[in-house]
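To start, the structure itself, in structure tokens.
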Number of protein chains: 2
Amino acid sequence: MSKKDITVKEVARRAGVSTATISRVLNGDSKVRPETAARVKEVIKECGYRVNRTARSLKTRKTYTVGIVAPEFKNDFFMSIVTGVEETLKNHGYSVILCSSHESREEEKNRLRLLKEKNVDGAIIIPGSSRGEHFSLMEDTPVVLVDRLVEGFTSDAVLSDNFQGSYDAVRQAVDMGARAIGFLGGDKDLTSARERFEGYAQACRDLGVAFNEETVLFGDYHEDSGYRLMKQLMESDGAPDYVFISNYFMHVGAARYLLESGRDFPGLHVLSFDDLPLAAFFPCISLIIAQPMEEIGRKAADLLLKRIDGSTEKRQTFRLPTSMRILN
Amino acid sequence: MSKKDITVKEVARRAGVSTATISRVLNGDSKVRPETAARVKEVIKECGYRVNRTARSLKTRKTYTVGIVAPEFKNDFFMSIVTGVEETLKNHGYSVILCSSHESREEEKNRLRLLKEKNVDGAIIIPGSSRGEHFSLMEDTPVVLVDRLVEGFTSDAVLSDNFQGSYDAVRQAVDMGARAIGFLGGDKDLTSARERFEGYAQACRDLGVAFNEETVLFGDYHEDSGYRLMKQLMESDGAPDYVFISNYFMHVGAARYLLESGRDFPGLHVLSFDDLPLAAFFPCISLIIAQPMEEIGRKAADLLLKRIDGSTEKRQTFRLPTSMRILN
DNA sequence: AAATCAAATGTAATCGTTTACATTCTCACA
DNA sequence: TGTGAGAATGTAAACGATTACATTTGATTT
């Protein structure tokens, strides 16, 4: 008899008990005599029986699987979050279906539909945009949003305190002597990009930093955008000597520009979000705002687990504090 | 009636046909009258019926899910591979369970056991070490190995042509005037690390490059190792002016050393594996050996799909060519 | 109009578990 | 030794789909 045909039924036959008993020892049900349990376990080991989780799920309506949807995978920021999520969930017996939305709303929708059909117990979503009406097709499957908020759908959410992080960075820059601070922003469609801008703007107002429209530039969170905007800023007339960059990939692009230009930028100070590999060695870097990425993931997973277990607390948005790394 | 209670049975009732007919429509079975199919589809749309894939899987013994096991997620190299895999599989209706093995053989084993119980249709593994006896617990579930080979288990595999990539790089270095080339190697337990060393060593022999034991150092593929070995090499007496670095993370570490040391390294030339973000801007970088990462992922997925569909071709190892990026 | 046959549909078993409910043990106690 | 109660076990019906096989329908032929 091939190993693959060994089901509870077969184990029951070999152990001379009923399938119910097998199931009971499998699930640690107390009401089975120790000797019986021992014999069953013996048989199970002996014939290499392994539970079929698909069948179990069908019956119990629980898959111990959660979906994660992220705009892309080649992104240390997202993957740090995923690392935190996976680690936490694994410790509770869950596994993770990973889906890329390719930053497309339509794709995001398709993946969610699939996750629903696969009966995931919950989902963690890093939204690709600020629109989230389609998330409601998860119906009563718990959802936790991460890193970005969304309109048209309310749920638990976990993200960095972007406003405060930006604000503090600007204050620190002022302490270091900044008089004017340029700004390279992400796509304003994303909450995090907006919040980072707001923190920056508010700090400028509060601290009397000149706010020059010409040196506040918006693009998106990608490398090319950082390159382009940094170039634009540095080649303009009134180039500031402090520049705030809104995320790591823009920072990479900006750094690439600085390096490629071959020019020297004496006195230039860069402030940037995200403490990712080598950011601390990019040209002119003065200050890094570090997000607690894995912690965000762990927190999101914790929240999700609570919801899955039926928590009915009010939905909440958690903003975890960033930290500052001052380089010179 | 809540949306969640809508099963084929309910749809059948509403459409006035049997569940068999619903199933046939769902699966595009030809032998159902167009009018009937239309009516059924109508009802399905109307009541928002969605198939329960868990139930379907139980019956069909096909989950349309494959497992991916990787040593870690915060790794652009691995995640590029995963990107290629996910994209290809998605196009064929499969989704992906992502597991981290944390470079632990025990953990790798646990994850595989879980994947087996979850009835994945196949698995793609980036092994954490060169031992793979435990992979056999996938029994007749198809497995494709990626990036690293393994002893004690044979299967399809896809990886870069590490030997050739190294060999070519050394030849290019020689063309550029190298007389002696230091080597920073990864953990020799990994096939890729060994192969890269072999390519380097063979090229040195073939091309008459001095092979100095003192400047051939081994560590592991991580950043700290790159830092430590580069420091060791640069602070030694006979520091070579060409250095071959075996992967991206070691390169990051080495670059960190060069930057942190504050010293100048006139005439130093770095050759390194992996064309990852900003590698081309690391100090002294002269040549990058780029691996076709997403392509590796796509190829692995293609192979897996063929096996899942029952291909019985001889198991094969594919070594995809690397490419060279010459920087100065 | 009866016979034939293919096409369309239905019936019911099945996939491998879990679990409500029914039954049978076991043993303390009268 | 019979009784009763609780513990241990068994029986059989789900879970929601698919599908082999049986049946019905309806067109075509004679």
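Numbered from 1 within each chain, the chains take letters A, B, ... in sequence-line order.
For residues 295-311 of chain B, every residue pair satisfying the side chain to side chain donor-acceptor pair (under 3.5 Å) rule, not counting sequence neighbours, is listed here: B:Asp156-B:Arg307. Counting only residues at least two apart or in different chains, side chain to side chain donor-acceptor pair (under 3.5 Å) contacts with residues 25-48 of chain A comprise A:Ser23-A:Asn27. For residues 107-157 of chain A, the set of pairs meeting the ring-ring contact (aromatic ring centres under 6.0 Å, His included) definition, not counting sequence neighbours, comprises A:Phe135-A:Phe153.
To the nearest 0.5 Å, atoms CD1 (A:Ile68) and CZ (A:Arg111) are separated by 13.5 Å.
Only one option out of B:Leu115, B:Asn119, B:Val120 pairs with B:Thr65 in a side chain to side chain contact (heavy atoms under 4.5 Å, CB included); it is B:Val120.
The closest side-chain heavy-atom distance from A:Leu112 to A:Ile125 is below 4.5 Å. For the pair B:Leu305 and B:Tyr94, the minimum side-chain heavy-atom distance is below 4.5 Å.
Recorded end-axis angle for the helix from C:dA1-D:dT30 to C:dA30-D:dT1 stands at 50°, based on five pairs per end and rounded to 10 degrees.
Under the 4.0 Å criterion applied to side-chain N and carboxylate O atoms, A:Glu107 and A:Lys109 are not assigned as salt-bridge partners. The pair B:Lys116-B:Asp140 meets the salt-bridge criterion, with a side-chain N (NZ, NE, NH1 or NH2) lying under 4.0 Å from an Asp/Glu carboxylate O.
Few gaps surround NZ on A:Lys62; more than 12 heavy atoms of other groups in view lie less than 6.0 Å from it.
Nucleic acid contact class of B:Val32 (heavy atoms, under 4.0 Å, all strands): sugar-phosphate only.
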N/O to N/O distances under 3.5 Å, protein versus nucleotides 5-7 of chain C:
none

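Here the C1' atom of nucleotide C:dT17 and the CD atom of B:Glu117 are 13 Å apart, to the nearest Å. For A:Arg53 and C:dT18, the CZ to P distance is 10 Å, given to the nearest whole Å.
Remark: the backbone N or O of A:Gly128 is paired with a side-chain donor or acceptor of A:Glu108 at under 3.5 angstrom.
Residues that satisfy the side-chain hydrogen bond (donor to acceptor under 3.5 Å, both in side chains) test with A:Glu117, not counting sequence neighbours, are B:Arg50, B:Arg53. Applying the side-chain hydrogen bond (donor to acceptor under 3.5 Å, both in side chains) test to A:Ser129 and every residue at least two apart in sequence or in another chain returns A:Arg105. Not counting sequence neighbours, B:Asp76 has no partner by the side-chain hydrogen bond (donor to acceptor under 3.5 Å, both in side chains) test. For A:Lys118, the salt bridge (charged side-chain N to carboxylate O under 4.0 Å, His left out) criterion is met by no residue, not counting sequence neighbours.
A heavy atom closer than 4.0 Å to some atom of DNA chain D occurs in A:Leu58, A:Lys59, A:Arg61, these being the qualifying members of residues 54-66 of chain A. A heavy atom closer than 4.0 Å to some atom of DNA chain D occurs in A:Gly16, A:Val17, A:Ser18, A:Thr19, A:Ala20, A:Thr21, A:Arg24, these being the qualifying members of residues 15-29 of chain A.
Of all nucleotides in DNA chain D having an atom under 4.0 Å from a heavy atom of chain A, the first and last in 5' to 3' order are D:dA8 to D:dG16.
At least one side-chain nitrogen or oxygen of B:Arg33 sits closer than 4.0 Å to the OP1 or OP2 atom of C:dT9.
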